[in-house]
Amino acid sequence: MPRQNDHTQFSCRLKDCANINILWASLIIEECTRLGLTYFCIAPGSRSSPLAIAASTHPTTSCIACIDERSLAYHAAGFARSSHKPAVIITSSGTAVSNLHPAVVEASQEFVPLLLLTADRPPELQDVGANQAINQVNHFGPFVRHFLSLPVPSDDISARMVLTSIDSAVNIATSSPSGPVHINCPFREPLENSPRTWNPICLRGLDSWMSTSVPFTSYIRVQHSYRCNYNTFMDEALEVINKASRGFLLLGAIHREDDIWAALLLAKHLSWPVVVDILSGLRLRKYFVPFPEFEDRILFIDHLDHMLLSDSIKDWMKVDVIIQIGSRITSKRVAQLLESCFPCSYILVDNHPSRHDPSHIVTHRIQCAIPQFADYLITACTPHTRRKWECLLQALNSVAAWDISFLINSEYSLTEPCVAQMTLEAIHCESAVFLGNSMPIRDADMYACNFNWKERTQDEVIFSSELTCHFIQVTANRGASGIDGLLSTAVGFAVGCNKRVLCVVGDVSFLHDTNGLSLLRKQMLRKPMTIVVINNRGGAIFSLLPLANMTARSILDQYFYTSHNVSIHNLCMAHGVKHLKVQSKMELQDALLASQIDKEDFVIEVDSTIDANAAFHSMLRKVSQQGVDHAFNSLSKLTVLNSMNDGFIPSKVGKMQYSSYRIQLSSPPTSSSESHRSTYHREGFIISLCLEDGNTGYGEVAPLEIHQENLLDVEEQLQFLIHVVEGATIDHSLPLLKGSFSRWLWQRLGIQPNSIFPSVRFGLEMAVLNAIAAREGSSLLNVLRVQTEESTDSSLDVKVCALLESNGGPSEMALVATTLVREGFTAIKLKVARQADPTVDIAIIKEVRKKIGWEIELRADANRSWNYDEAVKFGLSVKDSGLQYIEEPVNNEDDIIKFCEETGLPVALDETINSIRKNHLNVLVKYNHPMIVAFVIKPSVVGGFENAALLARWAHQHGKMAVISATFESSLGLSALIQFSRYVDLMKLDTGRMLNKEENSCVAHGLGTYQWLREDVSRRPLMIGYNPCNGVVEASVTDAAQILQHFQFNQDAVVPDCTSRELHAYEFVADLEGASICLNVQEIGKKDDSSVVVFLHGFLGTGGDWISVMKSISGSARCIAVDLPGHGRSKLLGQDFDLEEPGLSIMAFAKILQQLFDSLQCQKVVLVGYSMGARISLYMALRCNYKVAGAVIISGSPGLIDEEARKVRRAKDDFFACSFAASGLEPFLDAWYSGDLWNSLRAHPHFNEILASRLQHCDLKNLGRVLADLSVGRQPPLWEDLKSCRVPLQLIVGEKDVKFKNIAQQMCDTMCQSTETTNIPEIVEIPYSGHAAHIENPLTVISAISQFIREVEFNS
């Protein structure tokens, strides 16, 4: 409230006004500010001078001016839209008023409050030909909520009339339905500050008003609670909702944060599918990651628009109840779907009374605030359980999202849909978005998503939201959906929301409102803007309409596209606005980053063309339609989704086992360096995965040393899988192979997809898919893709490429090749580069070609064995020998393109794509060269069928062959590869149809390794051989299916069930200062001379935290986990430790553990400790190490040195110990895990289960004492001890745990600087994890621990 002397000064200023015009103008502006209207948009003009001067000189107003009234009005509407407060527009008379009309229409349609103060000529100058005088009465017709023409200012009229008129107008503008209000203000001269006598009697009765800062008339709105009106207003709607069998929640345009939260809570409660329009803001919900329960409990359907391209889905997608919150929706296809569902119950909820029902299907129109409606339903409505159709809908949405993102990100050029994704991904939580009409908003609605479905690494997903949740406001001028005034609206929107605004508009819209650029240069309090202009030099939207195919191009260019060559760069220069032009994805990414960092406004011009945009949109539609059609056909046939029971009962894993095998080969694998032995073998594992319903699927895990896998490491991962996969739900979307397996590994099993060995993932995927096939009574191929008439017309067999090792001379190899051709092979691959000089290989290739003729496909494989010069020599020499391709000719992948261009020889990639572990699409971009003609894809090396399918899709999309290759698997693995090869061939046919190309599906796949099998794991032989129907060697898809469906072990080659390792639990009682401490101990593994590994958990943990890790390495070590005192089931017996000195110090823990070690009857132990357990392990390794062979320190610290820091930490830990002793463990856990240290753990899909496990402690009193007594502020610092460390250490830290990464580096530096120790520890940084690395990425931690144990064993 202003001070009293301010009111006195104001009263004096009023009485000192030079004339009555100035008085009235001052009263109008003052009353506006008292009503909260402080933003004034002023157009220059003479007749409006009194208002302009009063507004610009008022101490509490913010004013902006613009020469273009149309631009100014849109600016005002933008401000009011984001601030939810009316902006005041002041104009002169005449056409200045008319220029406000487009913005007034938009504001009226979108319920945006505005106050229009239009100056006018007095009555005597109307209709007499006076200059700049038009009829301004009801000038905006029905598009304003209220019109009032004030009388000409006169002291005969009480000033109270002026004030109450303003009060009434603003109340109308802000009451539902809110919108523009027009007050016409005629003025006689003088318009300036010339003195004219006026009678102060007109101010009579305003003394009280002048002494305060409140409006003259206060309008009080009484809110009615629906809780008082259940029966009268909502009973019918509630009954409809409760009876819904297929309910659908549609979130349209929502502009307030409380409305967003209310809609989210309602969605969570109802558990209905939720379709979110781009203007709801929830399509950009990546900032809701700190609240994972929203994503888990709410079924968001982001890509319904593209799903509806499928006629099958349109016919299937019938709902009986629709709730729409927020009036407008962007997607035409969604609107058509809603209409097709009629008759149904359609409930539309919004806070205004206006009609939004273009299809005339709304059955219940509820006018109320969204939070009121949500609160009522949450209270009164019963939530339902997830139904099958919703699960199918979720899977189809995932497929559409994957297909869209795959095509966008596999396209090398910068497309307009890619711009929509990239720009909206780049925004921060402190930003807001304004979308232009025409294509920008449609692209955003179709292609923007909550996170990028291209292959984001898991850490990007987990750590994409380091900030707390914020509402991201997204808006557009959708009232009349015009392209005028967009830039001006966006600038006003930025002022009103006080956020950094990203504006995306088309070039025609930008040119239509270039005066908006002048507003950017105005001095006003707002944050910098980024304006992305998509310049395709015309109106691209018309190219997507039917008329584009029926109209001459010249007419389209001139009258629809309105093609132009205007320089946006020069326009920006003229207005002094920074401009960047981008033509590639990288340039756009860099420009967006620069614009976020810079303190200036940015215009980013994206170069595009109408034709390219139309073609790419067409391709996106085709890909999406084909993808969801295939997914719908496949999923709708699944038993779990096709049974009569509407409740969804998913399949679960009953148990998983594995057996080892060793089979004899006829000769060494071509990948082997051992070629002089008498016998050769292939070793691996057979996974048996049994569902709870009894159906079993088999998979093969066959690692190759050359791929940096070995049997020991692989078996550790299999042991881990046995533990975590039991009871896991088998998602019905897994056979779709579109990100579904990666999501399943992370969400269901808690495994980072990139951490599992490729051969293990291949075997697991095979077992899961075969289990699903067994459940369906079908084949692996059929669950991957339901066979249609189109796919069964062609051969069901798979063409096989023979594999030939070049271990003889030219004549000898030509003879062998000729024999293979006689056997029926139509494709042969020769292994070359077995010696440095390619001369012999050149001669072999030429002789083989000469003998086999030109109809046989001839391939060569150099396995990266040549340097560039050797490869070029080979390439130039055989370029006329008709090689289909040479695989990996050079040892440096950076030379591949250069080799292609110098030799002209087609190249296939093998090892190059094998090494890609993440971001496949980003890496593959550089191999989109026309001379790279094929990908040789080994599913067991690239990491399973899902990754292999992705590579194959990319290859097909870019006109390359996808050749599936075996790695000397047994008949079990080969059978799966045969089925998968056929699947890939069918994918190729689909792509060809989509691209309007005739494709030959008969690719010869690299399955010739079957000839190496002298023994096999299966009792039934695999049928690969001569097909008398076509005279070609082929693999039978039908026979392969039979082997997978009826697999029987060959007992001579397979060691049954290697999985039986029992976990034993027992109690160990230790003595400490006269008291007994009963420790709960769990043990598994060998009891021979193997290493003994003792695992120590962190604070609040238990020994159970280590079970999966222990099982993994129990094949090579004796593993023991302990519930430390105060934790889990351990407890103190006897004496009460109520002493002044800490009784449970780190020294006490060491004494207790030493007694345990002594009882183990082993020489030494390897300690593995996490956090608190890591500190104990480090202490024992440094000070009590006679029994310690080595220590693995996970997120551990040697303690604090600074005494002040120690004091603070002691106090903090003492406080925490007291708080949970007083308030209980649950509130303490909430506080404990809210810290930044646990950011990544909180995003773990099993965090709630982890949190629940932290409540399993039976000795809370001593748990609190452990926190205090074992405080870092009390334990002795160990930094000096590190300098004389004699025990091998391994330091494990999470990649995102900056604090402990620094501590680990300091520990390493301290030891490096010492001359007393030679044991410099290795720092192992665990990717995709934070502080709790062993929980967040356990497989990588297991590998690190195992390697350390082996090194300790070797060195000892």
Side-chain angles (χ1 to χ4, degrees), residues 1070-1073 1077 1079 1092-1101 1103 1106 1120-1127 1130 1141-1158 1160 1164-1203 1205-1206 1209-1210 1213 1262 1265-1293 1300 1303-1304 1306-1308 1310-1311 1314 1316-1317 1319-1321 1323 1334 1345 1348 1352:
D1071 293 325
L1072 181 67
E1073 299 177 13
I1077 299 177
L1079 300 180
V1092 177
V1093 186
V1094 177
F1095 293 85
L1096 305 179
H1097 58 77
F1099 181 65
L1100 294 174
W1106 296 107
I1120 297 168
V1122 182
D1123 288 357
L1124 293 170
H1127 292 76
S1130 292
E1141 292 297 320
L1144 293 175
S1145 65
I1146 197 167
M1147 292 77 79
F1149 273 67
K1151 292 178 182 178
I1152 294 168
L1153 290 172
Q1154 281 176 330
Q1155 295 176 57
L1156 174 64
F1157 299 164
D1158 290 338
L1160 297 177
K1164 289 192 174 185
V1165 303
V1166 174
L1167 292 173
V1168 179
Y1170 159 67
S1171 193
M1172 180 185 77
R1175 290 191 283 120
I1176 297 169
S1177 298
L1178 184 61
Y1179 178 85
M1180 296 193 72
L1182 296 175
R1183 295 194 178 182
C1184 309
N1185 55 24
Y1186 79 96
K1187 274 280 192 179
V1188 179
V1192 178
I1193 309 301
I1194 305 175
S1195 304
S1197 164
L1200 299 172
I1201 298 176
D1202 180 73
E1203 190 52 48
R1206 291 171 60 79
R1209 182 57 186 264
R1210 285 197 299 272
D1213 288 338
N1262 286 302
R1265 292 183 56 210
V1266 168
L1267 176 60
D1269 293 357
L1270 210 63
S1271 168
V1272 179
R1274 286 194 172 89
Q1275 81 161 61
L1278 303 172
W1279 290 96
E1280 286 299 317
D1281 300 76
L1282 285 172
K1283 296 177 181 178
S1284 56
C1285 179
R1286 296 286 184 270
V1287 174
L1289 299 180
Q1290 182 185 63
L1291 310 179
I1292 293 180
V1293 290
F1300 280 85
I1303 290 173
Q1306 291 167 17
M1307 292 170 67
C1308 194
T1310 299
M1311 296 176 72
S1314 172
E1316 299 181 44
T1317 182
N1319 289 312
I1320 305 304
I1323 298 177
H1334 64 305
I1345 293 172
F1348 178 76
V1352 170

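Only heavy atoms go into these numbers, but all of them, side chains included; no hydrogens, no water, no symmetry mates.
- If you take OG on Ser1284 and CG on Leu1182, they are separated by 7.5 Å, rounding to the nearest 0.5 Å.
- Residues Ser1314 and Leu1282 fail the side-chain proximity criterion, which asks for heavy atoms closer than 4.5 Å.
- In plain terms, the two heavy atoms of Pro1125 and Ile1152 that are nearest each other are CG-CD1, 3.9 Å.
- Side chains of Val1287 and Asn1319 form no contact here, defined as non-hydrogen atoms less than 4.5 Å apart.
- Using modelled atom types, one finds no donor on one side chain facing an acceptor on the other under 3.5 Å when comparing Ser1130 with Asp1123.
- Side chain of Trp1279 to backbone of Ile1201: no donor-acceptor contact under 3.5 angstrom is found.
- Within the 4.5 Å cutoff, the side chain of Met1311 has heavy atoms near those of the Pro1321 side chain.
- A distance of 13.0 Å separates CD1 of Ile1146 from NZ of Lys1151, quoted to the nearest 0.5 Å.
- Residues Val1122 and His1097 share a closest heavy-atom pair of O-CD2, 3.1 Å.
- You'll find the side chain of Gln1275 stays beyond 4.5 Å of the side chain of Tyr1179, heavy atoms only.
- With hydrogens and angles disregarded, a donor-acceptor distance shorter than 3.5 Å links the side chain of Asp1269 to the backbone of Leu1144.
- Residues Gly1273 and Arg1209 approach most closely at N-CG, 3.8 Å, considering heavy atoms.
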* Please walk me through it: do Val1165 and Val1093 pass side-chain contact (heavy atoms from CB on, under 4.5 Å)? -> CA-CA 6 Å; Val1165 303; Val1093 186; over 6 Å; no
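- The CG atom of Leu1096 lies 11.5 Å from the OG atom of Ser1171; values are rounded to the nearest 0.5 Å.
- With rounding to the nearest 0.5 Å, the separation of CG in Leu1278 from OG1 in Thr1310 is 11.5 Å.
- In this structure the side chain of Met1147 reaches within 4.5 angstrom of the side chain of Pro1276, judged on heavy atoms.
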* Pair Arg1183-Asp1281, salt bridge (charged side-chain N to carboxylate O under 4.0 Å, His left out): steps then yes or no -> CA-CA 8 Å; Arg1183 295 194 178 182; Asp1281 300 76; 3.0 Å; yes
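- The shortest side-chain heavy-atom distance between Phe1095 and Tyr1170 does not fall under the 4.5 Å cut-off.
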* To do: Give the intermediate values and the outcome of side-chain contact (heavy atoms from CB on, under 4.5 Å) for residues Val1168 and Val1094.
  => CA-CA 6 Å; Val1168 179; Val1094 177; over 6 Å; no
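- Looking only at side-chain heavy atoms (C-beta outward), Leu1124 and Phe1149 come within less than 4.5 Å of each other.
- In this structure, the side chains of Ile1292 and Val1192 come closer than 4.5 Å at one or more pairs of heavy atoms.
- The two residues Pro1198 and Leu1178 have their closest heavy-atom pair at CA-CD2, 3.8 Å.
- By the salt bridge (Lys or Arg N to Asp or Glu O under 4.0 Å) test, Arg1210 is found to be paired with Glu1203, residues two or more places apart in sequence or in another chain being considered.
- Between Leu1167 atom CG and Lys1187 atom NZ the span is 12.0 Å, to the nearest 0.5 Å.
- A salt bridge between Arg1206 and Asp1202 is absent, with no side-chain N of the basic residue lying under 4.0 Å from a carboxylate O of the acidic one.
- Closest non-hydrogen pair, Leu1289 versus Ala1181, comes out as CD2-CB, 4.1 Å.
- Ser1197 OG to Arg1175 CZ: the interatomic distance, rounded to the nearest 0.5 Å, is 7.5 Å.
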* Asked: Do Met1307 and Leu1291 pass the side-chain contact (heavy atoms from CB on, under 4.5 Å) test, and can you show the C-alpha distance, the side-chain angles, and the key distance before you say yes or no?
  -> CA-CA 9 Å; Met1307 292 170 67; Leu1291 310 179; 3.8 Å; yes
* Check the pair Val1166 / Val1092 against side-chain contact (heavy atoms from CB on, under 4.5 Å), numbers first and verdict last. => CA-CA 6 Å; Val1166 174; Val1092 177; over 6 Å; no
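- The shortest heavy-atom contact between Ile1323 and Cys1308 is CD1-CB, 3.9 Å.
- Between Phe1099 and His1127, the ring-plane angle classifies as perpendicular under the 30° and 60° cut-offs.
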